[in-house]
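For reference, the structure discussed in these notes is given below.
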Amino acid sequence: MKEKNIFYELNEAQRRAVETTEGPLLVLAGAGAGKTKTITYRILNLIQKGVAPENILAVTFTNKAAKEMQERIFSLLDQTPEMNRPISQTGKPFVATFHGLGAFIIKENTTEAGLKKHFSIYNREDSKRAIKEALKQNGFSPKEFEPGRILSIVSREKGNFVTAEEYAIDASQEYFGSIVSKVWEDYELILKKENALDFDDLILVAGKLLQKPQIRKRYEEKWNYVLIDEYQDTNRVQYEITAAIVGKNQNICAVGDIDQNIYSWRGASIRNILHFEKDYKNAQLVVLEENYRSTQTILAVANKIIEKNKFRKEKILVTKNDIGEKVGLFEALSENHEAQFVVEKVKELQKAGVKLSEIAVLYRANFQSRVLEEEFLAKDVPYQVLGTRFFERKEIKDVLAFLRFAFNPESISDLKRIINVPPRGIGQTTLLKMVEGKEETLPTKTKVKVANFREMLRKIKNFALQNPPSKTVLFIAEEAGLNENLEKSDEGQERIENIKELSALASRYDEMFTFEDNIKSWEEGIEKLLEDTSLVSDQDSNKEEQDGVRLMTVHASKGLEFSYVFITGLEEGLFPHEKDGGTSEEDAEEERRLFYVAVTRAKKKLFLSYAQTRSIFGNRTVNIPSEFILEIPDEYLEGEFLDYTPKRKPLLHIEF
């Protein structure tokens, strides 16, 4: 009877997951299906059955999720004093992220890890500094081999459970790999010298420690019951850590959703969850399909979208919630028209009493936020961007600084910003002499660098006077070496896209020019562009506004929920996103999972939109609707209109 009182809130599938305490268990938890509740009640049930809390390990991916899980567990324990626990039992379950778990294991085995007791943990900036030092030690220029790019390769390899020594075996076969290998080797020596580990080492070193039989046995005996949240997002080294701790006990509960695997670019392997039942013999499977978040209509759309994927286990989300409203579909004439629709609809919702923080606007690529932000600002509707606002992004600030300084050589702040973007070997001493007008005292080699820098600025100004502002933005990115430098970084493609979006914005100023001796000068357009972007930058902050519309990429929305969700830019090539060099079947399925994640963020109403034409990277294209829209049955859709939008059948009904 006690058990019924404790677990009365659980549905039948959740109860099965909670009560299946022995042996391997895979819980496929659909979006909004109450997986955190299931995990916490399962831990509660284990303790009720007499398992010592300190023998339970629960691992998740973010500090926020770990804290929430911990608070729920402790709250449940406090609420159930009648539980069958020995009086002497005062331990607690170990709840942490993988990095927190790794740090704990390493701290208990510092000698075996080759560390002194009080070791340091490098952040990314520390790591980039050490990589830069390692480059110089090997006679390589950080300007030629970008430290961030090498660090990304090292990070990815560590996530694949590869050490510097193991990487060196194959890396010697090709030029760049051999350079990475040499730099990585010296990077590790720097870490060792400073008694430090980097962030990836917290998992890699812990994984290597657990390969030692005596250490593995200790943790296998310490944690008899292991629960792993978001199992679909585990990489190779996280998989190995889990397997080592589970050991012969086989008491593992892996919770995750194949349909929400959207981080392969970070090293997450969908194989881990797909092959769980092969890795752990006699594993039981529980599928959580009852959704507590969304309406029946939203779930019907989500199910219809995801069923096309092949790399998944069948799961159909159901709910006892109302049927709800149909999904709104807006066919915009352009990206500006789309933004106008979003903001006008938000104002309608606000007028009806909806809190702005209950509304989210999602997009596939960061550059899409620019037009949306401008419209929210123009209509004075508070908003918050999760991530970096368009005009606050480094690459945008860099391009505008080049343009400002080319026309205003007195702008010292702009000079300081761009003098070494990308790195060109001009130090602080040289910068000071440039500012003080003492360049004649510089060494000959340095004078050449400064002269080249000034020549580049001269070219930028001349180009800007003779070409439209939109082309000038692209010219700066190329002439200053920004594109070449960005291509070497992990986020380079996205940041280059942001510059191209700035070019699209600049095209508004292309028609502002004056004639001098029948020669066009676009100087007016440049001046207006710089003025307007400066004003936007100054007011581009609603941080004090708590009740603002949330703008974010779909990736950033994972794990969140909102009453009203807008998914914008649903056009072929944009969402699903088309990669340079083609899209593989695996990539296509991940895009579909990404759309599934976006759809399932909505609780009450979902709005979809696409633009007939969109200016992307400075080029206006004619678009066809995303395949995702075309796959949604008409019975779930209803047209959305602005006053001047033609009320006719949208383009998606045209046969191509």
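All values derive from a computational prediction rather than experimental measurement.
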State whether Y122 and R129 meet the cation-pi test: NZ (Lys) or CZ (Arg) under 6.0 Å from the six-membered ring centroid, and within 45° of the perpendicular axis.
yes
Looking at [X] and [Y], would you say the former's side chain and the latter's main chain have a donor-acceptor pair under 3.5 Å?
X: D510; Y: P468; result: no
X: S503; Y: S470; result: yes
X: E589; Y: F311; result: yes
X: N408; Y: R404; result: no
X: E494; Y: N366; result: no
X: S181; Y: G177; result: no
X: D233; Y: A268; result: no
X: T613; Y: L333; result: yes
X: E479; Y: K459; result: no
X: T62; Y: A65; result: yes

[X]/[Y] ion pair, N-O < 4.0 Å:
X: R495; Y: D398; value: no
X: R592; Y: E631; value: yes
X: E590; Y: R593; value: yes
X: K379; Y: E375; value: yes
X: E133; Y: K136; value: no
X: E395; Y: K500; value: no

Give a yes or no on this: more than 12 heavy atoms of other residues, nucleotides or ligands lie within 6.0 Å of atom NZ of K449.
yes
Around atom NZ of K132, are there more than 12 heavy atoms of other residues, nucleotides or ligands at under 6.0 Å?
no
Judged by modelled atom types alone, do [X] and [Y] share a side-chain donor-acceptor pair under 3.5 Å?
X: N138; Y: D186; value: yes
X: E331; Y: Q612; value: yes
X: Q260; Y: Y596; value: no
X: D587; Y: S584; value: yes
X: Q340; Y: E338; value: no
X: Y187; Y: D198; value: yes

Which atoms form the tightest heavy-atom contact between R601 and K558, and what is the distance?
NH1-C, 4.4 Å
Once you measure the plane-to-plane angle for [X] and [Y], does it fall in the parallel (<30°), tilted (30-60°) or perpendicular (>60°) bin?
X: F453; Y: F402; result: tilted
X: H99; Y: F199; result: parallel
X: F330; Y: F341; result: parallel

Intermediate values then yes/no, side chain to side chain contact (heavy atoms under 4.5 Å, CB included), L502 and R370
CA-CA 9 Å; L502 179 62; R370 193 268 301 169; over 6 Å; no
Does a side-chain heavy-atom distance below 4.5 Å link [X] with [Y]?
X: L377; Y: Y383; value: yes
X: H555; Y: V597; value: no
X: L574; Y: Q368; value: yes
X: L551; Y: F376; value: yes

Please report the C-alpha distance between E146 and E484 in whole Å, then the side-chain angles of each, then the deciding distance to 0.1 Å, and finally whether the side chain to side chain contact (heavy atoms under 4.5 Å, CB included) criterion is met.
CA-CA 11 Å; E146 211 271 314; E484 184 181 357; over 6 Å; no
Check: F628 ring centre within less than 6.0 Å of F575 ring centre:
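Aromatic pair counts; centres sit under 6.0 Å.
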Does the pair E439 and R454 meet the rule for a salt bridge (Lys or Arg N to Asp or Glu O under 4.0 Å), with working shown?
CA-CA 12 Å; E439 292 179 27; R454 294 200 182 280; 2.5 Å; yes
